[in-house]
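Since the structure comes first, as structure tokens, the remarks are kept for the end.
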Amino acid sequence: MTKKGFFKKYEYVYDEYLDIYICPNEKDLHYKTTNREGYRVYESNPEDCEGCPFLSKCTQSKKHVKTIARHVWEADHIRHTGEWHAIYALKRASEKSA
């Protein structure tokens, strides 16, 4: 659960190709580790967050670090929907032609 008044997880864009999250201020949260519960942990660069205008809606961390956890199986369900099959087919076709 996200605290009231803070950005929700879905407001951060996950880039599957680069394996990063992109915050609403267009900064990257990079993969740091996978914890024992099977969650991949992504963290922001504190230097990016320190002067960010959205900091108060993002994190209360004294170190100015935003952390997002995503279960290793979380993205798998997206790949198996009809809508995404079409998108991935287009992506594969464009990669082959490049």
Side-chain angles (χ1 to χ4, degrees):
M1 289 292 287
T2 304
K3 293 180 183 177
K4 190 173 185 177
F6 284 78
F7 289 126
K8 307 271 188 251
K9 184 176 176 179
Y10 63 81
E11 294 180 272
Y12 295 81
V13 177
Y14 178 65
D15 185 322
E16 186 175 5
Y17 182 75
L18 297 174
D19 190 28
I20 62 170
Y21 275 91
I22 303 169
C23 78
N25 196 34
E26 299 181 6
K27 300 294 181 184
D28 300 342
L29 284 79
H30 292 274
Y31 170 76
K32 180 164 184 167
T33 189
T34 301
N35 66 23
R36 292 177 185 210
E37 291 81 31
Y39 286 87
R40 292 178 58 86
V41 179
Y42 298 81
E43 288 188 353
S44 65
N45 181 341
E47 294 172 1
D48 290 339
C49 296
E50 193 171 7
C52 178
F54 301 122
L55 183 63
S56 63
K57 290 185 70 180
C58 188
T59 183
Q60 291 179 324
S61 166
K62 292 180 182 178
K63 295 181 180 180
H64 306 295
V65 175
K66 172 63 180 177
T67 303
I68 294 179
R70 178 177 61 84
H71 197 275
V72 293
W73 295 339
E74 187 173 326
D76 288 344
H77 75 281
I78 293 172
R79 296 180 189 150
H80 301 294
T81 62
E83 175 187 352
W84 287 96
H85 280 291
I87 291 170
Y88 279 110
L90 289 172
K91 182 179 175 183
R92 275 186 252 122
S94 69
E95 288 173 353
K96 287 181 182 178
S97 65

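Each residue takes its place number in the sequence, starting with 1. All heavy atoms count here, side chains included; hydrogens, waters and symmetry mates do not.
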Against the six-membered ring of Tyr31, is Arg40 placed for a cation-pi contact (under 6.0 Å from the centre, within 45° of the normal)? yes

Between His71 and Glu37, is a side-chain contact (heavy atoms from CB on, under 4.5 Å) present by the stated rule, with each step listed? CA-CA 8 Å; His71 197 275; Glu37 291 81 31; 6.0 Å; no

Min side-chain heavy-atom separation Asn25-Pro53 under 4.5 Å: yes

Should we count CD of Glu47 as having more than 12 external heavy atoms under 6.0 Å? no

Between Val41 and Val72, is there a shared hydrophobic cluster once you connect ILVMFWY residues whose side-chain heavy atoms come closer than 4.5 Å? no

About how many Å separate NZ of Lys27 and SG of Cys58, when rounded to the nearest 0.5 Å? 13.0 Å

Is there a side-chain contact between Val65 and Thr67 (heavy atoms, below 4.5 Å)? yes

I'd like to check Phe7 versus Pro24 (side-chain heavy atoms, cut-off strictly below 4.5 Å). Are they in contact? yes

If we only count heavy atoms from C-beta on, is the Arg70 to Tyr42 side-chain gap below 4.5 Å? yes

Any side-chain heavy-atom pair from Leu55 and His64 closer than 4.5 angstrom? yes

For a 4.5 angstrom cut-off between non-hydrogen side-chain atoms, does Ile22 reach Leu29? no

Check whether Thr33 reaches the backbone of Asn35 with its side chain - one donor and one acceptor, N or O, closer than 3.5 Å. no

Within 6.0 angstrom of Lys9 NZ, more than 12 heavy atoms from elsewhere: yes

Residue pair Lys63 / Pro46, side-chain heavy-atom distance below 4.5 Å: no

For Glu11 and Lys8, indicate whether the former's side chain and the latter's backbone hold a donor-acceptor pair under 3.5 Å. yes

Looking at Asp19, is its backbone amide N or carbonyl O close enough to the side chain of Asp15 to form a donor-acceptor pair, meaning the two atoms are under 3.5 Å apart? no

A side-chain contact here means heavy atoms from C-beta on lying under 4.5 Å apart; do Ser44 and Asp48 qualify? no

Phe54 CZ: over 12 foreign heavy atoms closer than 6.0 Å: yes

Under 30°, 30 to 60°, or over 60°: which ring-plane class applies to Tyr14 and Tyr21, parallel, tilted or perpendicular? tilted

Please report the closest heavy-atom contact between Tyr12 and Ile68, naming both atoms and the distance. CG-CD1, 3.6 Å

